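Just so it is clear, the structure is predicted and the values come from calculations on it, not from any experiment.
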Amino acid sequence: MNDSELDRRHPTPEGLTNSCTFAVSVVIPSYRAKKSLPELFQALKETLDDCAESWEVILVDDASPDDSYLVMQKLRQEDPRLTTVRLSRNRGQHYATLCGLKIAQGSVIITLDDDMQHHPADIPRFLAKLQEGYDIVMGKISQKEHSAWRNFASQLVQSLVSRILGKPKSLYLSSYRALSRRAVNSIGAYRGVHVYMPALMFNAVPTSQIVNIDVAHHERAYGQSNYSIPRLVRLFSYLLINHSFIPLRVTTAWGVFLSIASFLFAAALVVKTVLSPSAVAGWTSTVVILSFLFGNAFLAVGVLGEYIGRLVEQMSQDQQSSIYSVNDEPWP
């Protein structure tokens, strides 16, 4: 499927105008979703057939341990407008999403989750908002159907992104989004392996070109969230280490504080020795101080080592090297 085949006119559902020439690609990272995929793809077909003359759906299997990829293959046999992508190992939702964006050919790319909590019926509203000239439209969810700790983690991420990436506090992050071809081309230029989609989006376009629309968040019909605490911690590390200097600056400030404190303590010992020549410094205090200082030195080295290790990893891997196959063809 090439650009000329995809670039066709749309009908005019829910506010779309006759001048709409969007060609739609839908990218869905998938993990443990064998039960929800048939229902999701059927809902996508019903929606896209009404709002696009030409469309494609790209399902990215993030090395799912269940039969998700077999379900994808069956769906593709029934409808060739579905493209299946298989990763050689699990790399996470953001990495899988970027893989799909690199393959997508549409003039507009929609990304959403595989669990039906984002319903495809909202897609025409995303397209209508893009027609106003925005490059990225993200769904804003007023109430998430998640556990309390997941909602807290989401709020923490929103706050960190505002502080680190300069996201306006009024702008809500969501994996249900529509992106223009211009935004996707810029995002797709990323060559790293530690992918954090909000960082790529805010680097790709000005914040004035990003807007929210209100969408519903439906209750999960199958399974449970794949975001465990270790996965969320790993995602936080991508934001903090790959896209900010906060750990380095905190370590530097802590080192400065320790240096000043050590100098003042040494000065106090000298004064005490001058005033009380018979006083003998104890070995305990010396050992404690040395241990404390060496411990913090090793902490600083560890943070620096994390940065260096990730730089080496990014320089030594090919772009999106975990892609195993597209439509069961070996990845070149």
Side-chain angles (χ1 to χ4, degrees), residues 1-3 5-6 8 10 13 22-124 126-127 139 175-179 184 218-226 320 322-331:
M1 186 181 299
N2 54 41
D3 290 340
E5 291 174 327
L6 282 169
R8 300 179 183 176
H10 293 252
F22 287 149
V24 181
S25 295
V26 180
V27 174
I28 305 171
S30 181
Y31 186 77
R32 295 183 183 271
K34 66 177 183 179
K35 293 182 179 180
S36 61
L37 286 176
E39 181 182 350
L40 175 58
F41 188 56
Q42 180 60 36
L44 282 168
K45 289 197 294 184
E46 294 173 357
T47 298
L48 295 172
D49 283 341
D50 288 339
C51 69
E53 287 291 334
S54 180
W55 55 266
E56 63 175 349
V57 173
I58 301 171
L59 290 176
V60 183
D61 176 36
D62 192 18
S64 184
D66 63 4
D67 295 329
S68 293
Y69 191 69
L70 295 178
V71 174
M72 294 180 190
Q73 290 177 308
K74 182 178 179 180
L75 293 173
R76 174 170 167 75
Q77 290 174 359
E78 298 171 356
D79 194 327
R81 291 175 293 184
L82 171 64
T83 297
T84 61
V85 179
R86 194 177 193 184
L87 302 187
S88 60
R89 62 190 181 97
N90 181 259
R91 298 305 298 265
Q93 180 187 28
H94 293 245
Y95 189 100
T97 299
L98 183 58
C99 288
L101 292 181
K102 291 176 182 291
I103 295 171
Q105 300 180 40
S107 59
V108 171
I109 293 84
I110 306 289
T111 71
L112 72 160
D113 293 343
D114 62 3
D115 53 15
M116 291 296 293
Q117 290 190 288
H118 297 156
H119 201 280
D122 287 317
I123 288 178
F126 283 89
L127 300 180
S175 57
Y176 197 1
R177 55 178 91 90
L179 305 97
V184 169
H218 302 272
E219 187 176 354
R220 186 185 300 273
Y222 307 100
Q224 59 185 1
S225 173
N226 294 314
Q320 300 299 306
S322 287
I323 295 180
Y324 176 71
S325 67
V326 177
N327 293 334
D328 297 324
E329 294 293 331
W331 186 248

Side-chain heavy-atom pair [X], [Y] within 4.5 angstrom cut-off:
{"X": "Thr97", "Y": "His94", "result": "no"}
{"X": "Asp79", "Y": "Val57", "result": "no"}
{"X": "Val60", "Y": "Ile103", "result": "no"}
{"X": "Asp113", "Y": "Gln93", "result": "yes"}
{"X": "Thr84", "Y": "Arg86", "result": "no"}
{"X": "Tyr176", "Y": "Ile110", "result": "yes"}
{"X": "Leu87", "Y": "Tyr95", "result": "yes"}

Hey, is the main chain of [Y] close enough, under 3.5 Å, to the side chain of [X] for a donor-acceptor pair?
{"X": "Thr111", "Y": "Ser175", "result": "yes"}
{"X": "Asp115", "Y": "Gln117", "result": "yes"}
{"X": "Asp62", "Y": "Arg91", "result": "yes"}
{"X": "Asp61", "Y": "Val85", "result": "no"}
{"X": "Ser68", "Y": "Tyr31", "result": "no"}
{"X": "Ser64", "Y": "Arg32", "result": "yes"}

Might you point out which heavy atoms bring [X] and [Y] nearest each other, and give the distance in Å?
{"X": "Asp50", "Y": "Glu46", "answer": "OD2-O, 3.2 Å"}
{"X": "Ile109", "Y": "Ala104", "answer": "CG1-CB, 3.8 Å"}
{"X": "Ile58", "Y": "Gly100", "answer": "CD1-O, 3.8 Å"}
{"X": "Pro29", "Y": "Asp114", "answer": "O-OD2, 3.6 Å"}
{"X": "Gly139", "Y": "Phe126", "answer": "N-CE2, 3.6 Å"}

About how many Å separate [atom2] of [Y] and [atom1] of [X], when rounded to the nearest 0.5 Å?
{"X": "Arg76", "Y": "Asn327", "atom1": "CZ", "atom2": "CG", "answer": "3.5 Å"}
{"X": "Leu112", "Y": "His119", "atom1": "CG", "atom2": "NE2", "answer": "10.5 Å"}
{"X": "Leu82", "Y": "Leu59", "atom1": "CG", "atom2": "CG", "answer": "4.5 Å"}
{"X": "Ile28", "Y": "Leu44", "atom1": "CD1", "atom2": "CG", "answer": "5.0 Å"}
{"X": "Ser30", "Y": "Leu37", "atom1": "OG", "atom2": "CG", "answer": "4.0 Å"}
{"X": "Leu48", "Y": "Glu56", "atom1": "CG", "atom2": "CD", "answer": "10.5 Å"}

Check your understanding: Hey, are Asp67 and Lys74 close enough for a salt bridge, meaning a charged N less than 4.0 Å from a carboxylate O?
Key ->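 Salt bridge between Asp67 and Lys74, a charged N being under 4.0 Å from a carboxylate O: no.
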
Point to revise | Exercise: do Gln73 and Gln77 side chains pair donor with acceptor under 3.5 Å | key: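 Per modelled atom types, Gln73 and Gln77 side chains form no pair under 3.5 Å.
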
Practice item. Test Trp55 against Asp49 for side chain to side chain contact (heavy atoms under 4.5 Å, CB included), laying out the working first. Key: CA-CA 8 Å; Trp55 55 266; Asp49 283 341; 3.0 Å; yes

